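Notes follow once the structure below has been shown.
Because the structure is predicted, anything quoted here is derived from the model rather than measured.
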Amino acid sequence: MTAGAGSGRRAPRVRPYTITRGRTRTHAELALETLVHTATGLDVHAAELTREQRAICRLCVDPVSVAEVSARADLPLGVARVVLDDMARDGLVVLHEASTDRPSLALMERVLHGLQRL
């Protein structure tokens, strides 16, 4: 993050452990592909939100993956997961976890063989 375009000065960075208050684990398993969107009716300018939370709320107006939140908010993946987990538990964002129901290997093989015959 730079302070201004072309200024060459870097904005001060907050240490990741400060953002997560030293936590590294989440309550929910947040896969890279888990979609996140801002809760309906949330005031993204509320004083009680941290700078990171406000940025994430603005990013997630439309559903965005955890990996994308990490990249766009310029946060390490682990930090983004902890912040998103906290935000979900506080009702600031909604998480849409990917389905873990997968077809059996036998079904996938039958489909593959059927496609190869076409």
Side-chain angles (χ1 to χ4, degrees):
M1 288 192 271
T2 58
S7 70
R9 292 181 292 145
R10 295 196 50 88
R13 279 187 69 85
V14 177
R15 299 247 184 225
Y17 62 81
T18 303
I19 296 170
T20 64
R21 295 183 298 275
R23 290 172 297 114
T24 58
R25 299 187 194 270
T26 60
H27 291 86
E29 288 295 323
L30 296 177
L32 293 173
E33 67 273 9
T34 299
L35 294 178
V36 182
H37 81 269
T38 305
T40 305
L42 178 69
D43 177 14
V44 297
H45 302 293
E48 63 271 4
L49 297 179
T50 66
R51 189 184 77 181
E52 291 78 21
Q53 289 174 329
R54 277 194 289 279
I56 290 170
C57 286
R58 284 191 294 272
L59 284 171
C60 298
V61 171
D62 293 319
V64 177
S65 71
V66 169
E68 238 179 302
V69 169
S70 172
R72 289 184 182 181
D74 196 26
L75 292 170
L77 183 58
V79 172
R81 282 180 169 149
V82 170
V83 172
L84 287 169
D85 184 56
D86 288 348
M87 291 176 72
R89 292 184 330 139
D90 291 342
L92 302 174
V93 296
V94 178
L95 303 175
H96 300 280
E97 297 184 29
S99 173
T100 57
D101 295 335
R102 296 187 179 184
S104 70
L105 182 57
L107 174 63
M108 297 295 284
E109 287 174 345
R110 287 196 313 268
V111 170
L112 179 61
H113 292 301
L115 289 172
Q116 288 172 339
R117 283 189 294 236
L118 291 176

Next on the checklist: Test side chain to side chain contact (heavy atoms under 4.5 Å, CB included) on Met87 and Cys57; report intermediate values, then the result.
Outcome noted: CA-CA 9 Å; Met87 291 176 72; Cys57 286; 3.5 Å; yes
Checklist entry - Please walk me through it: do Leu35 and Leu95 pass side chain to side chain contact (heavy atoms under 4.5 Å, CB included)? => result CA-CA 6 Å; Leu35 294 178; Leu95 303 175; over 6 Å; no
Next on the checklist: Please evaluate residues Leu92 and Leu49 with respect to the criterion side chain to side chain contact (heavy atoms under 4.5 Å, CB included), reporting the C-alpha separation (whole Å), side-chain torsions for both, the decisive distance (0.1 Å), and the verdict.
Outcome noted: CA-CA 9 Å; Leu92 302 174; Leu49 297 179; 3.6 Å; yes
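With a 4.5 Å cut-off on side-chain heavy atoms, Val69 and Val66 do not count as touching. Between Met108 and Val111, every side-chain heavy-atom pair lies at or beyond the 4.5 Å cut-off.
Separation of atoms CZ (Arg54) and CG (Leu59) is listed at 13.5 Å; rounding is to 0.5 Å. Rounded to the nearest 0.5 angstrom, His96 NE2 and His37 NE2 are separated by 4.0 Å. The distance from atom CD of Gln53 to atom CG of Asp90, rounded to the nearest 0.5 Å, is 7.0 Å. Atom-to-atom distance recorded for Gln116:CD and Leu118:CG is 10.0 Å, nearest 0.5 angstrom. Separating the OG atom in Ser70 from the CG atom in Leu84 is a distance of 9.0 Å, to the nearest 0.5 Å. To the nearest 0.5 Å, atoms CG (Leu107) and CG (Leu112) are separated by 11.0 Å.
Ser65 places no side-chain N or O within 3.5 Å of a backbone atom of Glu33 that could act as its donor or acceptor partner.
Hydrophobic clustering (ILVMFWY, side-chain heavy atoms < 4.5 Å, transitive): Leu32 and Val94 are in distinct clusters. Linking Ile, Leu, Val, Met, Phe, Trp and Tyr residues whenever their side-chain heavy atoms come within less than 4.5 Å places Leu77 and Val36 in a single cluster.
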